[in-house]
Amino acid sequence: MNPVLVPLKRLFDWRVRGVRVIELVSVVCLAAVMVSVYIVKTAAARESTEISKIEREISENAKRVRLLRAEATRLEQPARLEALSRQLGLEPVKVQRRADEEGLAKIAAEHQPPAPAVTPEVPVATAAVPAAYVPAKSTASASVQASGQEGQP
């Protein structure tokens, strides 16, 4: 007999309590395959329900989009907008009211909000403050204030 086949024949003939070891190994492998197939099947069923849920949401969203587009089309009808503008007293823009690029700066200058009112500064009483805490005025600001030419060059 071939020297390689002798250990293999011994493995197939080896018995534990009257059952061949190869049969025990095959039953364990078969059980492992059955458990793995069951796990894969349940995972696939779970994914299938998730897919059907997402497809249902997609179809609901598509229906909502169609309804919103129909509503927008109805709201943007020229006849409806014209009737609403008549109710509000609106009229088309006159040709004289249109502005080109150069005229926009002029229009913006005309519609500037008024400047905020300037509140006068309240003089600070320095008599109560000790001399060590009174800040010294800079010579440049003192000479400008003394000459009275604050805004002139």
Side-chain angles (χ1 to χ4, degrees), residues 1-126 128-141:
M1 198 168 216
N2 192 351
V4 176
L5 295 177
V6 172
L8 194 58
K9 181 171 178 10
R10 188 179 309 155
L11 179 67
F12 281 107
D13 289 339
W14 186 23
R15 295 180 179 261
V16 174
R17 295 189 184 204
V19 181
R20 287 191 214 160
V21 173
I22 197 69
E23 292 172 349
L24 291 175
V25 170
S26 62
V27 167
V28 169
C29 288
L30 183 63
V33 168
M34 287 172 48
V35 168
S36 64
V37 167
Y38 176 75
I39 291 172
V40 169
K41 180 182 170 188
T42 56
R46 195 175 314 123
E47 292 295 322
S48 176
T49 57
E50 185 70 23
I51 288 171
S52 65
K53 177 183 169 188
I54 291 172
E55 286 176 346
R56 200 173 327 113
E57 288 177 6
I58 288 171
S59 66
E60 289 173 2
N61 285 339
K63 183 179 179 181
R64 240 182 280 150
V65 166
R66 284 193 309 270
L67 289 173
L68 289 173
R69 283 187 179 154
E71 181 72 14
T73 302
R74 185 187 67 81
L75 292 174
E76 293 175 349
Q77 289 178 349
R80 180 185 170 279
L81 293 175
E82 188 175 330
L84 287 174
S85 66
R86 279 194 210 121
Q87 288 176 358
L88 296 173
L90 300 175
E91 58 186 39
V93 177
K94 296 178 182 169
V95 176
Q96 294 83 9
R97 298 276 315 212
R98 294 190 182 167
D100 56 353
E101 291 179 17
E102 292 80 26
L104 290 178
K106 180 181 171 187
I107 293 170
E110 291 174 2
H111 296 314
Q112 286 288 331
V118 178
T119 58
E121 290 186 24
V122 179
V124 178
T126 58
V129 179
Y133 293 106
V134 176
K137 293 184 177 179
S138 66
T139 56
S141 64

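In what follows, residues are counted from 1 in the order of the sequence shown.
Remark: E57 CD to R64 CZ distance equals 9.0 Å, nearest 0.5 Å. For the atom pair SG (C29) and CG (L24), the distance works out to 11.0 Å, reported to the nearest 0.5 Å. To the nearest 0.5 Å, atom CD1 of residue I51 and atom CZ of residue R56 are 12.5 Å apart. To the nearest 0.5 angstrom, N61 atom CG is 10.0 Å from L68 atom CG.
Of all non-hydrogen atoms in R74 and E71, the two that sit nearest each other are NH2-OE2, 2.9 Å. Residues E76 and L81 approach most closely at O-CD1, 3.8 Å, considering heavy atoms.
Between the side chain of S48 and the main chain of A44, no donor-acceptor pair closer than 3.5 Å is present.
With salt bridges taken as basic N to acidic carboxylate O contacts below 4.0 Å, none links E60 and K63.
The environment of R69 atom CZ is sparse: at most 12 non-hydrogen atoms of other residues, nucleotides or ligands sit within 6.0 angstrom.
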- [ ] Any chance you could lay out the side chain to side chain contact (heavy atoms under 4.5 Å, CB included) test for V27 and E23, step after step, and finish with the verdict?
- [x] CA-CA 6 Å; V27 167; E23 292 172 349; 5.5 Å; no

